[in-house]
Structure formats: C-alpha cells, structure tokens
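Here is the structure we will look at.
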2 protein chains.
Amino acid sequence: MTDSAPSHGFLFDKWLHLYAERVETMRSSEVRDLLAVTARPDIIALAGGSLDIKASNLGRVSDIVADVLTEAGPEALSYGPSEGHLGLRKFLVKFMADEGVDCDVDDIIITQGGQQALELIAKIFINPGDTIVAEAPTYVGALNAFLSYQASIIQVKMDNNGMIMSNMEKTLKDLRDKGIQPKYIYTIPNSQNPGGLSMSLSRRKKLIKLARDYQTLIVEDSAYRRIRFEGEDIPSLKQLDSANVVYIGTFSKILSAGLRVGWVIAPRPIREKLVFAKQAADLCSSSLAQRIVEQFFHETPVNNHINKLITVCRRRRDTMLDALDEFFPKGTTWTKPIGGFFIWVTLPEYIDTTAMLAKAIQQKVAYVPGKAFFADGSGRNCMRLNYSFPKEKDIKEGVRRLAEVIEQEMELYKRLKV
Amino acid sequence: MTDSAPSHGFLFDKWLHLYAERVETMRSSEVRDLLAVTARPDIIALAGGSLDIKASNLGRVSDIVADVLTEAGPEALSYGPSEGHLGLRKFLVKFMADEGVDCDVDDIIITQGGQQALELIAKIFINPGDTIVAEAPTYVGALNAFLSYQASIIQVKMDNNGMIMSNMEKTLKDLRDKGIQPKYIYTIPNSQNPGGLSMSLSRRKKLIKLARDYQTLIVEDSAYRRIRFEGEDIPSLKQLDSANVVYIGTFSKILSAGLRVGWVIAPRPIREKLVFAKQAADLCSSSLAQRIVEQFFHETPVNNHINKLITVCRRRRDTMLDALDEFFPKGTTWTKPIGGFFIWVTLPEYIDTTAMLAKAIQQKVAYVPGKAFFADGSGRNCMRLNYSFPKEKDIKEGVRRLAEVIEQEMELYKRLKV
C-alpha cells in the first residue's frame, strides 16, 4: 500500500489552523488515552455522555423490532424520505405540543441525532470566518461542527441563570461596531451541557429581543430538556419566538444514542435548505431506527418512560453531589445541576486538567478536561463529570479517586511555591 | 408562527447559483410529482434505486436483532466509535480481501451509506469553485454532494467501456493549461449508475496513470460491483493503485438501504481528516444498524446471499431488455447492463424527458429524467430505468406504457414538423 505513495497534502487547503489546532488538542496523548481507556472495565468513566441503557426500558427493543418488521418490513429496510419517516414526525408534533411548541409535520426534519442538526445548520449558514455566538462553556460537538466549517466562535460567560445578558449585549454591540453580523447564537437553555443549569425566563426574553434587535438567529439545542430534576419547566425559546428560533431535539438522551435519531424544527426558508443539505449528506436517516423510536413511544407513554430515567439520573446526581461534598478539597467548586447528565467542576487556577488526566487514569478514573468546551483554549482548570452512566457505587469511588489526584496536585503546587 | 416573522434570507450568502438552479430543476413540478407518486400502488415506478427487499433474505432480520440485543444490547443502543464498530470493520477486511483489496481495520471508516462517504470527501476537499471530474452521466447523489460544497463539475463522455480516456486526458490537460488542478476524479467503474456498464481494465490502468501524472486523486464508488451478471470481474482501481484511490462501498445495494451502512477506505492522511469530519457530522453511525449487518453476514455466507440477489436482478434485467426490444420504437437506444440496477435509455434529440414525465405519470409509469445525471443540463433526451425493484410483470407493463408515451411524442413531433 505504500509503494510510491503520492502525498495528498497538496490537495488540501481548506482546513484552517484553528480547526487543525483544536483537533490536535483533542487528540493529544492524554485525550487519546482517555478515549482508549474508558472502555476498560477497571476504569471508572466519568467522561461519557450516555444514558445508562440498562436503567432504561430497552429490554423490549427486540420485541419492538419484531413488530416493526412484521408491520412494515420492506419499508423499514429501504430508503425513506429525506425529511424523515412520516409516522415519527407525526409523533413529534404531539411530543412538541407537550413542550408547548406548536408545529406541523412539515416543520420537522429527522436527523442523525442532534449532532447532524448542528452539522447541517453549520453547513447552510457558515462561510469561512463567519461568527457564531455560544455559551462559555458549551457542548464540544457543537464547537466541532461549527469549527469544521471554519467558524469563528465567541463564547459568552454564564452564571447559575444562564448566559449573562449584559455580556451578550456587549458582544453583539462590539461585533456590530466591527461590521460583523453573527450568523446565529447557539444555546442549550435547559440543563445545559456541561453544567446542568438552565437559563431563566427573563434572560430568555432578553435573548430573544437581542437576537431580533441585532438581526441574528437563535439555534436552541434542547437535548436535555426532558431530564429535569427540580424547578419549574421554563418555556423553550422556540415557544417564545418560533419565527426566529431553530430548535434541535434528540432521542439520544431519553431513549438510545445508538439509534442516531434526532430532529430539527426550523422556519420555512431554513427548513428547505436543511432538507437539501440532509439529502446531500446521507439521503435519509435509517428507516428502521426511526420506526423503532416511533413504535417504542407507541407502546410506552412518554412521561412514564422519562420519569423512570429522571429517577435514575436524579439519584445519581445526588450521589455525585454528596461525594463531591465529602471528598473534594477546599478551593474546588462545582455546579448543582437542575437537570441533564453532568456536573461542571472548577479547580484552582494553577491546575491544568488536561495535564492531570494521565494521573487520573493511573488512578483509574476518567473525566473530560475543561478545555474541550471552549474554542479559545480557556477552561484549563475545569472538568466535566458525568453521573448518568456510572452506577452509584462507581460514582462515589470515582469522585474519591479524583479527589486524591486533585489533592496531590495541590500538594505539589504548594511545595513548589515554597 | 408567522407573527412578525423575520426574513432569514439575509443570513445566507453561500449557496451558489449553480446549486440553487439545480435544486430548482430537481424540484420542478414534474419531478416533485414523480417523487410523490412513486409510492402510489397504481404507478409502476421504474424510477427508484432500491433493492427488492422481499427478494432478499431479510425475513430473518428480527431474529438477527434479537441475537444482537442478547449479545450486546447496551452497546448496540449506545454511542460507538466515529470510525465505526470494530466487528463490522473486521468483517469488511475479509469482504475487501475477497475483492482483491488488501486493507487493514484501521483503513476503514463506516458511513451512513455510500452517500455520506461522498459528502465527507467533498467536505474535506472542496473549496467553492474547486473542480471535480466525473463520468457523463453519473450518480445524481454524488453531483448533489459535490455541488452542495460549490464544486465545479466537469463530466467526461463514456462509451461501453467506461470513460473515454482520450477525452479524460484532454480534459486534464485543458485544466492544467488554465492552471486548474482538479481535487479528484469521481468514477463508478463497475456496473455504473445509470448505465450498468463497466470500465475496461486497460482504461482503468490508463486512468490511474493519468491521475498520477496530473497529481489528482481517484474516488472510486463501488456501490454495484457485487451485482455483476456476466463478464470477468475486473480489478478495482483501489486494488490497482491503493495509495492514490479512495474507495467507497455500501450495503444499500446488497443488503438494505434502510440500515444506512456504507464504508470508505482511504490513504492515511485523508482517512484522518475523514474521521474528524465524520465526528463533526454525526458522532458515529447507528451501533444497532452496524451490528445487524455484522450479524447478518456472520450467519449468511456473503456469496450465497449475493448470488440470490444476482439471480433476481439478472432475470429482471433480461425482462426489461426483452420488453424494450419488443415495445420501444425505432430511434431509441439503450445500454445492455452487465450489472447493477439500471438501464440508460436515449430517445431522439427532440424529446425532453423532463417535460414528458408528467405524461408518463398520467399513463401510470415513472422514470428519472436524464438531466438529473449531468451538472450542466445535458441529458435532456435520456432517462434512467430501474429493474431491480419492480416485479417482472410490472417491468414489462411499465415499459409498454412508456413506449406508448414515447410514440405519442414522436407522432406529435412529426405532425408539427410537417
């Protein structure tokens, strides 16, 4: 295979340094180790982003597949429409109505999880160098999708009530002064990834007003909305301003990530372009996977199913919060998630969580370094911990091991300082 | 939803006229009708590109899913690696060895059918305005993927032995004279879509030499290779020049399109970029779908399975060729496919198959107008007919109806001429 291999490097000229550098960061030896070892049974992985399938109702999936194939075998195994399977889109109209969003079957496009919605939106909007505004920190997969189209990403600081709107306004104003119009504002307003916090209603209203004033679009990622432990259900941005919000949903966090089924709801001119982009991307999503989701929720009331997941996740969140209280040293802080799968931990500024990961893995515990959640390299003293996947005894033991690693880093620093 | 709806048009500026025009062509009322009606049971659809699932061995899929879920339920329903499920990639190493291609597990990336491989390759290579060389005519989905990244596509004429290499050489030379280096040459050398013909061995060797001389890459789409009715098995381009060929395969044409499982084999620097692009695009392909394919071929010898498909497709091809001989008027010509799913028909130059489609649908038969297979609007007097999906009696009746429609067009032309 290597005989007189030509160099293909000369054919590439489009991958900007930013993306290349980021890819390097993500592929640094520590992070490669991380990805390689999280599958090892002796490592406690607090690094994932998965539902614990065993805690779900999915024992019945084989029966469901049998039903799907009996009812619609050839269709389930053939190409379907690029927009997605009609039966599933009809179900989603009801699912969204439960969330207070009034939409029509035609408004919905099925995607390969929420990730493909992010990709397709990036594809139709982003020219190299275009600006996107997002939360700081935010979902690493969204950063990757936007950066892969060579976006410039500006992140706006959050507190416990979501993005700080005075910062948002200043960001938008500064951009306008420079003649820059951001293509969209990307936000995860509910149970945000990575911190598990939600944006308050008053900030949502302010965000909507700012987006209109500055003539930009809002992309609302609703992945974790249904996994809410406490507090009121706050209306989605889509509900508050349908005409200016593109909404992304997914079954990865409430049913199965391995089916790869998500959806996007967008105003008409955007939706039409998304369908063309989806068609060019993969023709259509798996007909079988879409019908499995449809059939699952045909047989299982949504709320019964989701309440079971919430019970499991809430218990695990409480276990992790208790363990952090018990084991983590002074000088460390963390979010108290009101929903979702994650806790965001901040360590003293002198600790580099990317460098520390190798030591953690030696102690048989893994996390995601904070840098992954920023486009500009900040977050180096932060980390994301997952509680939705590991069992409670592993959560407790994992946090204990991690606390030891952090204490050793703090000791080392103190000794070096003296 | 429409209250004070902002116009999002101002946020778009990247969709070139070429793509927009093409999308308009593809969405013209005739073609919309076509897409809408092919699902109606009273229409004989010669317009599809599907395997007849009922003619396949897929009655057993529910059993297979049960096996997959018993053996690896949680894994099958969770995220998997972006490169794809290891077990399936191991199977593909053997599958490719059967085709004479020597590759390693690490060389293979699983995609959402062959279409996503085309999309990801376009994403990493094509800057707006970059040139791609392809066959004339070629697969409409490839044109869509390349055009969605704003490629300029030059198509090289074919005869019964594939692309004419003197034309290819002239094309490459003309481009070089203009200072243009094409990013890659896209070809479907086996049982080509739409004509079902294969490139001769001597032309393959010449193509490989030209690609190296002109320092461009070859992208080989092998979708229909295994569906071969006659003639010798000619070595793939990948086998002949592994270091300069990106190979695309799919299970859509030999197992099920509804699972959305394909693969790409690429030289290392390209492969690495493809994995990043895949990760940004959808994180990973469906773990369940990948394991269904793996398990299916674990239980079913590949050649036994494919030979059954070939028997069905060959019989249907023969039926269609016989019907064309019997019914089609003088002045029409068509290819004699040595494999694949399609026959390419050329009508007299004065007939516009896009305009004629509405009349065909009135007569309850559908086809794909030839224009779809060209980026420059040629092919207007051509059409693609599919024989893999319809039953034999429908093939015969569909061709008979279509012959009537064509004869009416010819009559009309003669009368107008007089």
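All of these numbers come straight from a predicted model, not from anything done at the bench. Chain letters run A, B, ... following the sequence lines, proteins first, then strands; residues in each count from 1.
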message: Per the salt bridge (Lys or Arg N to Asp or Glu O under 4.0 Å) rule, what does the pair list look like for residues 275-285 of chain A, sequence neighbours excluded?
response: A:K278-A:D282
message: Rounded to the nearest 0.5 Å, what separates atom CD in B:Q115 from atom CD in A:Q279?
response: 8.0 Å
field: Gap separating the OG atom of B:S148 from the CD1 atom of A:I124, nearest 0.5 angstrom
entry: 11.5 Å
Where does [X] contact chain A at under 4.5 Å (heavy atoms): side chain, backbone, both or neither?
X	value
B:I292	side chain
B:P182	backbone
B:Q290	neither

- prompt: Can you name the closest pair of heavy atoms from B:Y79 and A:S50 and give their distance?
  reply: CD1-OG, 3.3 Å
- line: Among A:T216, A:L288, A:L118, A:I270, the residue with the most heavy-atom pairs under 4.5 Å to chain B is A:I270
query: In terms of heavy-atom pairs under 4.5 Å, which option from A:A289, A:A142, A:A281, A:S78 contacts chain B the most?
result: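 Option with the top pair count is A:A281.
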message: Which residue is it: A:S285, A:C284, A:S287? I am looking for the one with a side-chain contact (heavy atoms from CB on, under 4.5 Å) to B:R260.
response: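 For B:R260, the side-chain contact (heavy atoms from CB on, under 4.5 Å) test succeeds with only one of A:S285, A:C284, A:S287, which is A:C284.
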message: Are B:L255 and A:L77 packed together at the side-chain level, in the sense that at least one heavy-atom pair is separated by less than 4.5 angstrom?
response: no
message: Is any side-chain heavy atom of B:E119 closer than 4.5 Å to one of A:E119?
response: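 They are in side-chain contact.
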message: Using a 3.5 Å distance criterion without hydrogens, assess whether the side chain of B:S286 forms a donor-acceptor pair with backbone atoms of A:G258.
response: yes
message: Tell me every residue that passes side-chain contact (heavy atoms from CB on, under 4.5 Å) with A:P74, counting only those two or more places apart in sequence or in another chain.
response: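 A:P74 satisfies side-chain contact (heavy atoms from CB on, under 4.5 Å) with B:I53, B:K54 once adjacent residues are dropped.
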field: Other residues, nucleotides, ligands: >12 heavy atoms within 6.0 Å of B:F389 CZ
entry: no
message: For the interface with chain A, which of B:E75, B:R268, B:Q116 has the highest count of heavy-atom pairs at distances below 4.5 Å?
response: B:Q116
